Amino acid sequence: MIDLKELREHPDRFRNGVRDKCMTVDIDRLLAIDEARRAIITRQETARAEQNRIGKESGPMIGQLKAKFKSANPLEKERITSEIAGLEARPIALKAEVQECDARLAAIEPEWKSLWMLVPQPPAADVPKGKGSEDNIELRRWAPAGWNFAQTFAQNRGFAPRTHLELVKMHGLVDFERGVKMAGTRHYVMTGLGMRLHQAVLRYAIDFMADRRGFTPMGVPVLVKEECMIGTGFFPAGREQAYHIEESVRGSAHDLFLTGTGEVGLMGLHADEILDLHALPLKYCTVSTCFRREAGAAGKDTAGLYRIHQFDKVEQIVVCRADEAESRAWHAQMMETVEMILQSLGLAYRLLQCCTGDLGVKNEDMIDIESWMPGRGAIGSDGAPTGEFGETHSASRLGDFQCRRLNLRYRDETGKLRFAYALNNTVIASPRVLIPILEMHQQADGSVVVPEVLRPFMGGIAKIG
RNA sequence: GGAGAGGUGUCCGAGCGGUUGAAGGAGCUAGUCUCGAAAACUAGUAGUGGGUUUAUCCUACUCGCGAGUUCGAAUCUCGCCCUCUCCGCCA
């Protein structure tokens, strides 16, 4: 969430942020409620202070009077009784005022809070303005030796490509029918070498992060409380995207939600903590099963491994000090990691600077990495798919938005508490990444050459089929 | 599922009706000592909200959360949430 003080002082920064992200949040309404709230608090505080003052003053007096009362004659007793009653009555009007303020706060705070939670992190100043993914800007592209983006797959390789759907069927790598039988649309079963390839990719990525990038691998919950979803910024905006386990209706304490990314578990780890400066930066990675309802995507990418309800992902997060330059340096390092991995897998890809309209609530800067998928896209004049880029990774800078929500802070060198900056990035997501792996490494006969870096994780198998 | 114990500051841990916003220790910061470091010693060190002459102070709230008892609650009562231990069941 955003800093309310910052909002009061520079409301335009947030109005512009909402506009540039093409969202609708009533900033003026929030400011108005916020002002009303502060006015009530001021009033209540004044009353409370007065109450405390009177309490300090009349407390001892009441005590003295009560002591006197014991040894007093009946006439004095009557006088003392009324005097005590008078003293005790003094704070009553104030008590009523305090309670009234409480009631008024309770009346406005739900709206205040929910509006506040909806205000997005403004995009970084250098993020290009745009309406949606069509306005994203390509930063660079890379292809392995022998691959020319200007040519079709057939021109590059000398034969027409098969789609990953054909390839997995041909080699028995995925069983879609039985996946659908058991769990419904957008479900699948990884089988045989398909499962081994899937596991190889994940294990390769985890080892890469641990051994070559110095990240600490973690196993985190994928079933979490609502606070984790809110804290990481996925709720309330993305609520319909998450599977909801309604344990409370069965008499259990609280509901649970299935996470759509390992980021939730990794970032939630240190929620409500105050870290020592030297504990930063936190560099964590995890492999976790990710669950997505894909609400609103009905009819989109219905076939194959592209858009599915359950997949596995190696995710990396960095929590660093509140320093923009440091955050940008980590962002660049994350991109470098992804490029190293994609290059080692022999995949062609491009980096896109996402425009303001393509950013989510929580990020201020995002780079998408799209891998070339020869089997996607329209059918060309030669009867083969023309190929298309498909998003396989994305790397985000969140500023302090997420740590503010998670209440994750550290003490800086002056002893001041600060919300840390957070970043996150896909290291690899499978089975989606199997699409370009299978399609780019297919041979004329339909066999698929396993990228060399994966072979140690597949019992040395060099070729499928 | 049955029985019990407990949730206190950055962390550990005392307090169980009133000068306790909170002992003691660790950590951290500064200083002394040292060629330097370690050790030792000395001092400082809670959070949140609000106000403000905005860098300094004032103020309110906070000992899991919420309500209650009381002149007064971290301390007593009730409800809720969470954690741990033992037994049962089980991957």
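Throughout, a chain's letter reflects where its sequence line sits, starting with A, and its residues are numbered from 1. This structure is a prediction, so every number in the text was calculated from the model and none was measured.
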Using the P atom as the reference point in each nucleotide, state the distance between B:A23 and B:A43 in Å, no decimals. 15 Å
Side-chain contact check for A:Asp276: nearest option of B:G27, B:G47, B:G50 is B:G27
Write down the distance separating the P atoms in B:G79 and B:G24, rounded off to the nearest Å. 37 Å
Got a salt bridge between A:Asp358 and A:Lys21, using NZ or NE/NH1/NH2 to carboxylate O under 4.0 Å? no
Could you tell me the Watson-Crick or G-U partner of B:C86, where both distances fall under 3.5 Å? Say none if there is no partner. B:G2
Take atom P in B:C87 and the same atom in B:U45, then report the distance between them in whole Å. 47 Å
Can you tell me how far OG of A:Ser371 sits from CE of A:Met373, rounded to the nearest 0.5 angstrom? 5.5 Å
If I pick the C1' atom on B:U54 and the same atom on B:C63, what distance separates them, to the nearest angstrom? 31 Å
Rounded distance in Å between the C1' positions of B:G27 and B:U34: 23 Å
With RNA chain B as reference, determine whether A:His278 or A:Asp272 sits nearer its 5' end, using the nearest nucleotide of each. A:Asp272
Given atom CG of A:Leu417 and atom C1' of B:U29, what is their separation to the nearest angstrom? 14 Å
Separation of atom OH in A:Tyr410 from atom C1' in B:U45, rounded to whole Å: 18 Å
So if I take every side-chain heavy atom of A:Ile41 and compare against B:G27, B:U48, B:G50, which nucleotide ends up nearest? B:G50
Assigned partner base of B:C63, Watson-Crick or wobble definition, under 3.5 Å: none
To the nearest angstrom, how far is A:Asp412 atom CG from B:U45 atom P? 18 Å
All N/O contacts under 3.5 Å from nucleotides 59-63 of chain B to the protein, with atom names and distances to one decimal?
from	atom 1	to	atom 2	distance (Å)
B:A60	OP1	A:Asn52	ND2	3.3

Contact under 4.0 Å: A:Arg411 side-chain N or O vs B:G9 OP1/OP2: no
Separation of atom CD in A:Glu226 from atom P in B:C65, rounded to whole Å: 19 Å
May I ask you to test the A:Arg432-A:Tyr306 pair for a side-chain heavy-atom distance under 4.5 Å? yes
Send over the distance from A:Lys5 NZ to B:U52 P, rounded to a whole Å. 12 Å
Distance check, P atoms only: B:A91 and B:A3, in whole angstrom units. 25 Å
Does the gap between the ring centers of A:Tyr410 and A:His270 come in under 6.0 Å? no
For the pair A:Asp400 and A:Arg404, find out whether any cationic side-chain nitrogen is under 4.0 Å from an anionic carboxylate oxygen. yes
Nucleotide opposite B:U20 in a Watson-Crick or G-U pair, distances under 3.5 Å: none
Any base atoms under 4.0 Å from A:Arg8, or only sugar-phosphate, or nothing? Heavy atoms, all strands. sugar-phosphate
Which sits closer to the 5' end of RNA chain B, A:Lys225 or A:Leu275, going by the nucleotide each is nearest to? A:Leu275
Quote, to the nearest angstrom, the C1' distance that separates B:C58 from B:A22. 22 Å
B:G9 and B:G15, which share atom name P, separated by this distance in whole Å: 16 Å
What is the distance, rounded to the nearest whole Å, between atom CD1 of A:Ile274 and atom P of B:A26? 20 Å
Hey, could you give me the CZ/NE2 distance between A:Phe291 and A:His244, rounded to the nearest 0.5 Å? 15.5 Å
Taken to the nearest whole Å, CD/A:Glu273 to C1'/B:G9 is 15 Å
Classify the nucleic acid contact of A:Arg409 as base, sugar-phosphate or nothing, counting any heavy atom under 4.0 Å across all strands shown. sugar-phosphate
Does this structure show an ion pair linking A:Glu263 with A:Lys313, if we count only N-O contacts that are shorter than 4.0 Å? no
Between A:Arg8 and A:Asp34, is the closest basic N to carboxylate O distance under 4.0 Å? yes
Could you let me know what B:A37 is paired to, Watson-Crick or G-U wobble, both distances under 3.5 Å, or none if it's on its own? none
Assess whether a salt bridge exists between A:Arg213 and A:Glu336, defined as any Lys/Arg side-chain N lying under 4.0 Å from an Asp/Glu carboxylate O. yes
Paired with B:U52 by Watson-Crick or G-U wobble geometry, both distances under 3.5 Å: which nucleotide is it? none
Expressed as a whole number of angstroms, how long is the span from A:Glu9:CD to B:U54:P? 13 Å
Base-pairing assignment for B:U45 (Watson-Crick or G-U wobble, both under 3.5 Å): B:G27
Any strand: nucleotide that pairs with B:G72 via Watson-Crick or wobble, under 3.5 Å: none
